[in-house]
Amino acid sequence: MTALSRRNVLVLAGGAAAALAGRAEAAMGPNDKFDLVIRGGDVLDPSQQIRGKRDIGIRWGVVEAVEESIPAERALKTIDATGKLVTPGLVDLHCHVYPYGSAIGIPADELVQFQGTTTVVSAGDAGVNNLAALRRFIVAQTRARMYAFLHIANNGLSAFPVAELYNIDNAQVEACAMALAENPDFLIGVKVRMSENVIFKHGIEPLRRGIQACEMCGWPARMMVHIGGVETRELMSDILNLLRPGDVLTHCYSGAPNMAGAFTNIVQDGKLLPAALAAKQRGVLFDIGHGGGSFDFTVAEVAIPAGCTPDTISSDIHVFSGNTPGTPFLPNVMSKFLALGFPLEQVVAMATSAPAKIINRAPKIGTLQIGAPGDVTIMDLVEGPVTFVDTRNNKRDGKLLLKPVQTVINGVPFGRPYQSPFAVR
């Protein structure tokens, strides 16, 4: 370098970054303009118990104002959300977003227009052997915010042609614990799939190893446990009894049978397992994880009134599930719980603030609080008859359907609205 040394360039760059950070934290003056104002929408933010017509002002990538009206002259750009539902950016706790590194992964940014998701969690796509590639090559070039559960199997989720835990030697506790210890900002915990067609005859051992890795890593890592087609009825109770408060039971309303055709999940013979209710009562979190084969209305309709209500709504979207009749895109899954009688406020909370608390890595995701990232999802709340299908071809009728229209990530509108009259001016 000629005029400036490398050291001088770095000093100048660091000073500029510090100055910008200071500006972003400064209070807005009366003549300062918002980079983006989302105007006139029906704002629903369960984290603040806000519901009603509001304008949202975003500056330098963060929410700076949620007010009844922001003057038009204070907006550099505007999205007119009149007549639309405006929520914090949707958070998908269980999806598969590791393209090229997993047989079922979809690029997270390709899902945004169909899901309205601003934060996603890779649910065990990567194990120790391919975690670095997920973080360095996928997360680094993805606009949507990404976190992950690390698979207890070193090779990650590898269902084809042989599932990842048919050989239990793939589950290396020490290696998993070390990866957790090295990535506490990105990893949430450990994922294990406990279906018979994944773990063969290894019983409770894969889950034991996952919990051991969580407890060795030096911070409170969570388990995410996939069920559906568990080998025996007794094993299902053993799984539930081993889970700790804060661990996540995903596919919680799965009705998938095991390899012999027996129904061995949390509802058996039409009744909720006592171990399921006990798990719920001690703080195990129930996650939907709809997917292409993991949500059964008949299971939900027994478990929910018996005390096992869902904590989070997630899609389990991947290259196969996205093409199934259940249509497990997150807003559609949310709509199914409107049909099951849950109020809109609770449904939105289960896809925003509730999963954000489980992630607990970035401040103020899943909310529109002042200072939160400028992540916003705009949806149509369509009224009219609609029929929903689960993953076992059970059908239920509803009267409301959530349809994504526009998504804003870190204050920047994502892509362009599709089939929408909106425009960013």
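Keep in mind that what you see is a predicted model, and the values were worked out from it rather than measured.
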* To do: Quickly, which of H290, H94, R193 forms a side chain to side chain donor-acceptor pair (under 3.5 Å) with T250? Name it, please.
  => H94
Does any donor atom in the side chain of [X] or [Y] lie under 3.5 Å from an acceptor atom in the other side chain?
X: T312; Y: D287; result: yes
X: D316; Y: H96; result: yes
X: S195; Y: H226; result: yes

* Heavy atoms, side chains only, cut-off 4.5 Å: are I50 and L368 in contact? -> no
Shortest non-hydrogen contact between [X] and [Y], atoms and distance:
X: M224; Y: A123; result: SD-CB, 3.9 Å
X: L272; Y: A303; result: CD1-CB, 4.0 Å
X: A276; Y: I266; result: CB-CB, 4.0 Å
X: A256; Y: G293; result: CB-O, 3.8 Å
X: R143; Y: V412; result: NH2-O, 3.3 Å

Considering only NZ, NE, NH1 and NH2 on the basic side and carboxylate oxygens on the acidic side, decide whether [X] and [Y] come within less than 4.0 Å.
X: E215; Y: R244; result: yes
X: K84; Y: D380; result: yes
X: R392; Y: D296; result: yes
X: D311; Y: K280; result: yes
X: R135; Y: D185; result: yes
X: R39; Y: D55; result: yes
X: D375; Y: R145; result: yes
X: R74; Y: D32; result: no

* Ring geometry between F295 and F337 (parallel below 30°, tilted from 30 to 60°, perpendicular above 60°) -> tilted
* Okay, side chain of N183, backbone of L187: is any donor-acceptor separation there less than 3.5 Å? -> no
* Pair Y253-I288, side-chain contact (heavy atoms from CB on, under 4.5 Å): steps then yes or no -> CA-CA 7 Å; Y253 304 138; I288 300 306; 3.5 Å; yes
* Asked: Step by step, would you call L44 with L85 a side-chain contact (heavy atoms from CB on, under 4.5 Å)?
  -> CA-CA 7 Å; L44 173 54; L85 182 69; 3.9 Å; yes
